[in-house]
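One structure below.
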Amino acid sequence: MKIFIDTANIDEIKEVASWGILDGVTTNPTLIAREKRNFADLVKEIHTIVDGPISAEVISLEASGMVEEARKLSKIGRNIAIKIPLTEEGLKATKVLSQERIMTNMTLCFSPAQALLAAKAGATFISPFIGRLDDISHEGLELVRAIKQIYANYAYKTQIIVASIRHPLHVVEAAKIGADIATVPFNVLKKLMKHPLTDIGIDRFLQDWQKLSDKEKAF
Ligand code: G3P
């Protein structure tokens, strides 16, 4: 499974890129607003750090405006994926952009029906928001399972980005289902690495190592 980071924060992106596990970035207007910087400049800077897909979202609600914004954003680089909400206008825009070979990420997906239409419109990615479904007592991961099955039934090429991830188990379950990608907030990525037995094990190894003489430690 590919791992994207769900942030627009440059320090977080650089940090995770340095771990050697980063396959892409997703942003949204909320994440951009946190950075208090010019949108295009921020996306351009992310583009200098990451080779993989970088999602940047359109603001227009009409297809023509979405396509116009998408064409401008796509000039930043071929790896910019245009994030488009799952509306009728969004479908129209996705169809046009797919014909222009501009990558699209249909976002705010809360039902298998929406995901089916996104694939038919030629979306490169679909983003089911599992945490927001869990928040209203629906099983977010069930949505991912349903999309996976539908896409497999018809060999749709649209890749599933599991989004709105809240904790490490969301990532592990997404991988067990076979999602193509999980887009993970920085704090959850850090938790993914953590295990108390690893820390205890390192402490014990270092304590035992100190019992050796300098001659015994030499290598
Ligand atoms: O980037 C989209 C998505 O991951 C948002 O997550 O936590 O705002 O539901 P959240």
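Predicted, not measured: the structure shown is a model, and the values here were computed from it. Values below: all heavy atoms of this structure, side chains included; hydrogens, waters and symmetry mates excluded. For ligands, and for the atoms within them, numbers begin at 1 and follow the listed sequence.
Using bins of under 30°, 30° to 60° and over 60° for the plane-to-plane angle, the ring pair His170/His167 lands in the parallel bin.
Any N or O atom pair closer than 3.5 Å counts here, and Thr183 shares no such pair with ligand 1. Ligand 1 has a nitrogen or oxygen under 3.5 angstrom from a nitrogen or oxygen of Arg166. For ligand 1, the polar-atom distance check against Asn28 finds a nitrogen or oxygen pair separated by under 3.5 Å.
Proximity to Ala163 (heavy-atom distance under 4.0 Å) selects the following atoms of ligand 1: 4 (O). If you number the atoms of ligand 1 from 1 as listed, the ones under 4.0 Å from a heavy atom of Phe129 come out as 2 (C), 3 (C), 5 (C). Atoms of ligand 1 lying under 4.0 Å from any heavy atom of Lys83, numbered from 1 in the order shown and given with element: 1 (O), 2 (C).
Among all protein heavy atoms, the one lying closest to atom 8 (O) of ligand 1 is Arg132 NH2, 2.8 Å.
Remark: Glu142 engages Arg145 in a salt bridge, criterion side-chain N to carboxylate O under 4.0 Å.
Asp134 and Gly140 make their closest contact through OD1-N, 2.8 Å (heavy atoms, listed as atom of the first residue, atom of the second, distance).
A continuous path of hydrophobic side-chain contacts links Val184 to Ile5 [ILVMFWY only; heavy atoms under 4.5 Å].
Applying side chain to side chain contact (heavy atoms under 4.5 Å, CB included) to Met66 and the options Ile84, Thr104, Ile59, Ile82 leaves one that passes, Ile84. Among Asp208, Leu206, Ile202, the single residue meeting the side chain to side chain contact (heavy atoms under 4.5 Å, CB included) criterion with Arg204 is Asp208.
Within the set Gly140, Ser164, Ser127, the minimum heavy-atom distance to atom 6 (O) of ligand 1 is found for Ser164. Around atom 3 (C) of ligand 1, the closest heavy atom drawn from Val184, Val188, Asp6 belongs to Asp6.
Other residues, nucleotides and ligands place no more than 12 heavy atoms under 6.0 Å from the NZ atom of Lys157.
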